[in-house]
Amino acid sequence: MAVIHFKTMNTNLQESIRMAKVPEKNVIDVSQKLKSENKKNFKVLSIVMAAVAVILGGNLAYVLIKNPSMQDALLQWIIGYIAIVAIIYFLVYLCICGIIKIQFNGALKEGYPELYKEHKI
């Protein structure tokens, strides 16, 4: 059975930021840490998704070459391939980077609106 893992913020930290109970210096440190972590995760995600796109594209090309009858709908196959890769990329991005980004930015905007523009992720 497959398990989907996704990263979320610690609920205690999120609530503390939302209620402005954390010192501003610590909020800035957390923001910098999350920014650097998201950059690293985004790079890894992009590399992995590029490999997945190449593998899926190679498989699609192989199938289209082997079955000439499928070549009549070449445009639909290519559009479908691009849509599938884009959906997979979006969902994986959301699981790896997006949820934490949404949670932190929401808590920061609510608890520290003066720091939001400078330190949002």
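Everything numeric in this text was worked out from a predicted model, so none of it was measured. For this chain, numbers begin at 1 and follow the sequence in order.
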When you look at CE of M19, are more than 12 heavy atoms from neighbouring residues, nucleotides or ligands closer to it than 6.0 Å?
no
Using the salt bridge (Lys or Arg N to Asp or Glu O under 4.0 Å) criterion, which residues pair with E110? Sequence neighbours excluded.
R18
Set of residues satisfying salt bridge (Lys or Arg N to Asp or Glu O under 4.0 Å) with respect to K25, sequence neighbours excluded
D29
Shared hydrophobic cluster, [X] / [Y] (ILVMFWY, side-chain heavy atoms < 4.5 Å):
X   : Y   : value
L60 : I82 : yes
V85 : I78 : yes
V92 : I99 : no
L45 : L94 : no

Shortest non-hydrogen contact from [X] toward [Y]:
X    : Y    : value
Y89  : S46  : OH-OG, 3.2 Å
N38  : K101 : ND2-CB, 4.2 Å
G111 : A20  : O-CB, 3.5 Å

Could you measure the distance from the [atom1] atom of [X] to the [atom2] atom of [Y]? Nearest 0.5 Å is fine.
X    : Y    : atom1 : atom2 : result
S36  : N41  : OG    : CG    : 9.5 Å
K40  : C97  : NZ    : SG    : 10.5 Å
E114 : E118 : CD    : CD    : 9.0 Å

Would you mind listing the cluster partners of [X]? Hydrophobic ones only (ILVMFWY), side-chain contacts under 4.5 Å, chaining allowed.
X    : result
I28  : none
V54  : none
Y112 : M9, L13, I17, V22, V27, V30, L34, I100, F104, L108, L115, Y116, I121

Are [X] and [Y] side-chain neighbours, meaning at least one heavy-atom pair lies under 4.5 Å?
X    : Y   : answer
K120 : K35 : no
L91  : I87 : yes
N26  : P23 : yes
Q14  : T8  : no

My understanding is that only residues two or more places apart in sequence, or in another chain, count here; which of them pass side-chain hydrogen bond (donor to acceptor under 3.5 Å, both in side chains) with S16?
none
Would you confirm whether N67, through its side chain, and S69, through its main-chain N or O, come within 3.5 Å as a donor-acceptor pair?
no
